[in-house]
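Written out below as structure tokens is the structure these notes cover.
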Amino acid sequence: MYDHIIELVEERKYKEVRRELSNYNAADIAEILETIIEESGINAAIIVYRFLPKDVSVDVFSYLPSDDQVEMIHGITDVETAYIIKELDFDDMIDVLEELPANIVDKILESTPKNERSVINTYLNYPDDCAGSLMTPNYIKLGSYWTVREALNHIKVVGHNSETIYTCYVTSHSRKLEGLVSLRTLVISDDDLLVEDIMQTDLIDINVYDDQEEVSDKFKKYGFISIPVVDNEDRLVGIITVDDIFDVIEEEATEDIERMAGVLDDSNTEYLDMGIIRHARNRFPWLFFLMMSYILTGAIISTSEDILSKIPALIVYMPMLMGTGGNSGSQSATLVIRGISVGEIEFIDSIKVLWKEFRISFLIGLSLSLFTFVRVFIEQSGHDNQMQIALTVSFAMIAIVVAAKCIGALLPLIAKKIGIDPALMASPMISSLTDMVSIGTYIVLASAILGV
């Protein structure tokens, strides 16, 4: 897509590169720089970056991935770094500083005014996954006793430094959040009305230490473009805007996918950037745990050697039953985990979910068992226990599907209740549990129906 620009870079025709880049927005230019870094190295990217207009260069920098930002900081001068940090939006600046080595951060902060340095250090000390690390202090505060005219004049003065002007927050002298008023409401109201007469007091806010996943849930639930952040004394300390939540949603989705696949969290590192040892370390613990869990499955089979030795035909259908059980449980678990993540299902709905999954699983199990019965009956033609084997396998199919789907539905709900991420109860865990249930059920039914 950007091949012609890459060719110009390789030919060192930087003026032409600058002219070409003027046709792109900041996000596209950042993508071009990423490609240049991959193909020509960081030095070539820095040369191109320096040809950008200053006002554009800061926006471009904010769109670069964090690892490319760090590389860029290491390659440019202290003066250039100081300019970028100064011009970045506050929340973007905090994100950049969090990724930089401590010695570079200290060096940057040395040239920062004392009052700003104190605010920056406060934000840097918030845990990475809480609301405080996402918020910005650049918002519009209004007094409840102000007139609409005074409020609009204030917005004209401070609006250019604010993250958003569409929602303004009304605070008391002690910074307690009292209400909010939209720019639309201010514009269409009479100039002499007081802000307290038009502000909205039914507020949705978040605590500065709330988990970022809770924050993203509130954005999705209420459709806000910004949410106020308060401390433990209900004082307004910042706001979070919807653009800051996009990365959180992607990060949380990645985290859930990794946990569902049995991989330890490493959401901040891209796949290709992570070393082989680190990949192995992230995957090994869960696989080792699941491997050990199959010892129980092996023990069940071991104690049933007499039954299986008398009717070896039963062994043929064990993989089919175990696989169907694992797949059935994973289906239910995936749907329930999704319901939990979007707020459709709570622990209080456990009975409803269980009853629903029981009926669904019975219909599916019955349908599969009919096909299974016909298949086994034909395959075991001529066997002394042809009918009994077919009944054993088909009845086992019903029981296993029902049990697996009920387990798959309940485990994520129980995990959520006791404070464990429901995503951990997905495919790997469900499969290992349902395999044990499948084998146990199969052996019990075989013993009862075949009388062995």
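Side chains of Tyr139 and Ser162 form no contact here, defined as non-hydrogen atoms less than 4.5 Å apart. Using a 4.5 Å heavy-atom threshold, the side chains of Leu186 and Cys168 count as touching. Inter-residue side-chain proximity for His154 and Trp146 is flagged as met; some heavy-atom pair is nearer than 4.5 Å. The side-chain heavy atoms of Asn138 and Asn161, taken from C-beta on, include no pair separated by under 4.5 Å. Within the 4.5 Å cutoff, the side chain of Phe362 has heavy atoms near those of the Ile398 side chain. Side-chain contact check for Ile240 versus Phe219: some heavy-atom pair is nearer than 4.5 Å. Counting heavy atoms from C-beta on, the side chains of Lys218 and Val215 never come closer than 4.5 Å. Using a 4.5 Å cut-off on side-chain heavy atoms (C-beta onward), Val230 and Val237 make no contact.
Judged purely by atom type and a 3.5 angstrom limit, Asn153 uses its side chain to pair as donor or acceptor with the backbone of Arg149. Here the side chain of Asp59 pairs no donor or acceptor atom with the backbone of Val56 at under 3.5 angstrom. Panel note: side chain Ser330, backbone Gly326; a donor-acceptor pair is recorded below 3.5 Å. Between the Glu357 side chain and the Ser332 main chain, no donor and acceptor come within less than 3.5 Å of each other. A donor-acceptor pair under 3.5 Å links the side-chain atoms of Asp231 to the main chain of Arg235, judged by distance alone. Checking side-chain atoms of Glu38 against main-chain N and O of Thr35 turns up no donor-acceptor pair under 3.5 Å. Ser57 contributes a side-chain N or O that, together with a main-chain N or O of Lys54, makes up a donor-acceptor pair within less than 3.5 Å. Under the 3.5 Å distance criterion, the side-chain polar atoms of Asp349 are left unmatched by any main-chain donor or acceptor of Lys352. A donor-acceptor pair is defined here as one N or O able to donate and one able to accept, closer than 3.5 Å; no such pair exists between the side chain of Tyr166 and the backbone of Ser182.
With no hydrogens or angles considered, a side-chain donor-acceptor pair links Asp244 and Thr241 at under 3.5 Å. Between the side chains of Asn207 and Asn232, at least one donor N or O lies within less than 3.5 Å of an accepting N or O. Under the 3.5 Å distance criterion, with hydrogens and angles disregarded, no donor-acceptor pair is assigned to the side chains of Tyr83 and Thr77.
Cation-pi check for Lys405 over Phe358 is not met; the charged atom does not lie both under 6.0 angstrom from the ring centroid and within 45 degrees of its normal.
The distance from atom CD1 of Ile140 to atom OG1 of Thr164, rounded to the nearest 0.5 Å, is 7.5 Å. In this structure, the separation between CG on Leu203 and CG on Asp234 is 10.0 Å, given to the nearest 0.5 Å. We find the CD1-CD1 distance between Ile73 and Ile84 to be 5.0 Å, quoted to the nearest 0.5 Å. Separating the CG atom in Leu33 from the CE atom in Met72 is a distance of 5.5 Å, to the nearest 0.5 Å. Atom NZ of Lys220 sits about 5.0 Å away from atom CG of Asp217, to the nearest 0.5 Å. Between Asn327 atom CG and Met322 atom CE the span is 11.5 Å, to the nearest 0.5 Å.
A pairwise comparison of heavy atoms in Gly325 and Ser438 identifies CA-OG, 4.2 Å as the closest pair. Here the closest non-hydrogen pair linking Gly238 and Met135 is CA-SD, 4.0 Å. The two residues Val170 and Gly143 come nearest to each other via the heavy atoms CG1-C, 4.0 Å. Annotation for Ala409 and Val353: closest pair CB-CG1, 3.8 Å, computed over non-hydrogen atoms. Nearest heavy-atom pair, Glu178 versus Thr201, reported as atom, atom and distance to 0.1 Å: O-CG2, 3.8 Å. What you find for Leu236 and Pro228 is that their closest heavy atoms are CD1-CB, 3.6 Å.
Residues satisfying the side chain to side chain donor-acceptor pair (under 3.5 Å) criterion with Tyr63, sequence neighbours excluded, are absent altogether.
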Task: Verdict with supporting geometry, Val229 and Ile239, side chain to side chain contact (heavy atoms under 4.5 Å, CB included) - done: CA-CA 5 Å; Val229 183; Ile239 67 168; 5.6 Å; no
- [ ] Carefully, step by step, assess Leu183 and Leu152 under the rule side chain to side chain contact (heavy atoms under 4.5 Å, CB included).
- [x] CA-CA 8 Å; Leu183 180 62; Leu152 289 172; 4.1 Å; yes
Open item on the list: Assess the residue pair Val148 and Asp192 against the criterion (side chain to side chain contact (heavy atoms under 4.5 Å, CB included)); give the C-alpha distance rounded to whole Å, side-chain angles, the decisive distance to 0.1 Å, and a yes or no.
Closed with: CA-CA 6 Å; Val148 169; Asp192 296 326; over 6 Å; no
TODO: Mind running side chain to side chain contact (heavy atoms under 4.5 Å, CB included) on Cys406 and Trp355 for me, showing each step along the way?
DONE: CA-CA 9 Å; Cys406 290; Trp355 174 232; over 6 Å; no
- [ ] Decide yes or no on salt bridge (charged side-chain N to carboxylate O under 4.0 Å, His left out) for Lys176 and Glu233, but give the supporting numbers first.
- [x] CA-CA 8 Å; Lys176 291 283 184 72; Glu233 283 75 42; over 6 Å; no
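The 12-atom threshold is exceeded at CD1 of Ile418, counting heavy atoms of other residues, nucleotides or ligands nearer than 6.0 Å. Around atom CD1 of Ile351, no more than 12 heavy atoms belonging to other residues, nucleotides or ligands sit under 6.0 Å away.
Using a 4.0 Å cut-off between charged nitrogen and carboxylate oxygen, Glu80 and Arg50 count as a salt-bridge pair.
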